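The structure appears below as C-alpha cells.
What you see is a predicted model; the values in this text were computed from it and never measured. Each chain gets a letter, A, B and so on, in the order its sequence line appears, and its residues count up from 1.
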Protein chains: 2
Amino acid sequence: MVPRPGAHECGTEATMDLIGGKWKVSLLWVLAQRSARFGELRRALPGITEKVLAAHLREMESGGLVHREAHDEVPPRVEYSLTPLGCSLNEALEPLGKWGREHLLATG
Amino acid sequence: MVPRPGAHECGTEATMDLIGGKWKVSLLWVLAQRSARFGELRRALPGITEKVLAAHLREMESGGLVHREAHDEVPPRVEYSLTPLGCSLNEALEPLGKWGREHLLATG
DNA sequence: CTGTATCCCTCGGGATACTG
DNA sequence: CAGTATCCCGAGGGATACAG
C-alpha cells in the first residue's frame, strides 16, 4: 500500500476519461443488465439525443467496453452489449455507487 | 444483488458529479497523502491554474470533501485537508484506479 | 429502426493581470 | 502567500431535420 505518488490517480484518471461522457455510466449500467438495441437504449435513457447516444456508443466501442452486433435484416436490427472489459469496469464502479448511496442519497 | 434499475447508477452518477471537475480526483489523491497549502497543491498539480484550483477547492469544500483552515498569520497560511468523507470517497475510488492500472496502463 | 448532418449554445477551463 | 477579476476559447451536448 501507499504506492508512490501517481500510482493511484494515474489509473483513476485514465479510467475517468473512458467514462467521462455525460451518459456513459448510465449506458454501462443499462447494458450490464441486458444487451439492448439502439431504440431500447434511447428509451432507457430519457433525455439523451440520438446524436449523443450514437457518439457515446462509438466511443465506448472503440474503448473496448461495448460490443456492437449488426444483424442484416429489415428493418435493421443492432444489438449492443457489454464486453467482459466493460463488465469489469461496471463492477469497479460499484464501490462508487455504494458510496454515493450511503453518503449522497442518504435514504436511510 | 441485481437491485432494481437505477439503484447502482443513481449513486454512481451523484458521486461522479462531485468529482467531475478536471482536477478533482488528483486533488483528492494529493490531499489523501498529506494536507497541504494552496501553493503546495498548485505545485503538486502542474498545469492547473490558480482560478481553477481555487474553484475546485471551494466546490469540494462545500461538498464536505475538503476542510479549509486559515491561520491568521503573515504571510497568510491556509491548510487544506481531506475530511473523513473525502477520505472515504478516495478509498471508494481505488477500485477504479486498480482497474485502470490493470486494463489501461498495461505496464506489465 | 438505426443512425448522420447541421447548427447552436452553454460552460468548464486556460491565460493573464491584479490585490490584501 | 493566497487568492480575485477578466477575458477568451473549444469541446461537449442539445435540437432538429434528414437518410438508408
Side-chain angles (χ1 to χ4, degrees), chain A residues 9 12-31 34-63 65-83, chain B residues 9 12-31 34-63 65-82 86:
Chain A
E9 83 283 18
T12 307
E13 289 179 354
T15 307
M16 296 287 285
D17 283 344
L18 259 190
I19 52 177
K22 180 170 178 182
W23 304 84
K24 284 186 185 167
V25 171
S26 300
L27 220 27
L28 211 60
W29 166 257
V30 170
L31 287 176
R34 49 167 177 20
S35 60
R37 306 172 55 172
F38 189 88
E40 293 177 317
L41 291 173
R42 186 177 34 187
R43 282 187 294 276
L45 270 34
I48 198 174
T49 63
E50 297 164 342
K51 171 193 167 187
V52 171
L53 176 54
H56 280 183
L57 284 171
R58 268 184 273 112
E59 289 164 15
M60 293 170 77
E61 190 190 356
S62 86
L65 264 26
V66 161
H67 173 68
R68 177 185 190 275
E69 185 148 13
H71 304 262
D72 215 347
E73 313 172 350
V74 279
R77 184 172 130 247
V78 180
E79 290 276 344
Y80 290 96
S81 57
L82 243 45
T83 62
Chain B
E9 84 282 18
T12 307
E13 290 179 354
T15 306
M16 296 287 285
D17 283 343
L18 260 189
I19 53 178
K22 180 170 179 183
W23 304 85
K24 285 186 184 167
V25 171
S26 301
L27 218 28
L28 211 60
W29 166 257
V30 171
L31 287 175
R34 50 166 176 22
S35 60
R37 306 173 55 172
F38 189 88
E40 292 177 319
L41 291 173
R42 187 177 32 188
R43 282 186 295 277
L45 270 34
I48 198 173
T49 63
E50 298 162 343
K51 170 192 167 186
V52 171
L53 177 54
H56 280 184
L57 285 171
R58 270 186 270 111
E59 289 165 14
M60 293 170 77
E61 190 191 355
S62 87
L65 264 26
V66 162
H67 173 68
R68 178 186 190 275
E69 186 148 13
H71 304 262
D72 214 348
E73 313 172 352
V74 278
R77 186 173 127 245
V78 179
E79 289 278 343
Y80 291 95
S81 57
L82 244 45

Between [N] atom [atom2] and [X] atom [atom1], what is the distance in whole Å?
X       : N      : atom1 : atom2 : answer
A:Met16 : C:dG12 : CE    : P     : 15 Å
B:Glu59 : C:dG13 : CD    : C1'   : 11 Å
B:Glu73 : D:dC1  : CD    : P     : 14 Å
B:Lys22 : D:dG10 : NZ    : C1'   : 12 Å
A:Leu18 : D:dG12 : CG    : P     : 14 Å
B:Arg68 : D:dA2  : CZ    : P     : 10 Å
B:Glu79 : D:dG3  : CD    : C1'   : 16 Å
A:Asp72 : C:dG3  : CG    : C1'   : 15 Å

Item to check | Nucleotide nearest B:Pro76 when distance is taken to its side chain, options D:dA2, C:dT2, C:dT4 | outcome: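 So the side chain of B:Pro76 is nearest to D:dA2.
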Checklist entry - Between C:dG3, D:dG14, C:dG14, which nucleotide gets closest to the side-chain atoms of A:Trp23? => result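 Closest nucleotide to the A:Trp23 side chain: D:dG14.
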Within the 4.5 Å heavy-atom criterion, are [X] and [Y] side-chain neighbours or not?
X       : Y       : result
B:Leu82 : B:Val66 : yes
A:Leu65 : A:Lys24 : no
A:Lys22 : A:Val52 : no

Next on the checklist: Contact list please: residues 46-56 of chain A against DNA chain D, heavy atoms, distance less than 4.0 Å, in numerical order.
Outcome noted: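 Of all residues in residues 46-56 of chain A, the ones placing a heavy atom under 4.0 Å from DNA chain D are A:Thr49, A:Glu50, A:Lys51, A:Val52, A:His56.
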Checklist entry - In residues 36-43 of chain B, which ones come under 4.0 Å of DNA chain D, going by heavy atoms? => result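 Hits under 4.0 Å, by residue number: B:Arg37, B:Phe38, B:Gly39.
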Item to check | Cationic N near anionic O, under 4.0 Å, B:Arg34 to B:Glu40 | outcome: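 Salt bridge absent between B:Arg34 and B:Glu40.
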State, to 0.1 Å, how close [X] and [Y] come at their nearest heavy-atom pair, and which atoms those are.
X       : Y       : answer
A:Leu53 : A:Phe38 : CD2-O, 3.7 Å
A:Glu79 : A:Ser35 : OE1-OG, 3.6 Å
A:His67 : A:Glu69 : NE2-OE1, 3.4 Å
B:Tyr80 : B:Leu31 : O-CD2, 3.4 Å

Next on the checklist: I want to check one thing: is the phosphate of C:dC1, taken as OP1 and OP2, less than 4.0 Å away from some side-chain N or O of A:Tyr80?
Outcome noted: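 Indeed not, no polar side-chain atom of A:Tyr80 lies that close.
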Checklist entry - Does a nitrogen or oxygen in the side chain of A:Arg77 sit under 4.0 Å from OP1 or OP2 of C:dG3? => result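 No, outside the criterion.
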Checklist entry - For the side-chain contact (heavy atoms from CB on, under 4.5 Å) test, which of B:Leu45, B:Leu28, B:Thr49, B:Leu41 pairs with B:Trp23? => result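 Only one option passes, and that is B:Leu45.
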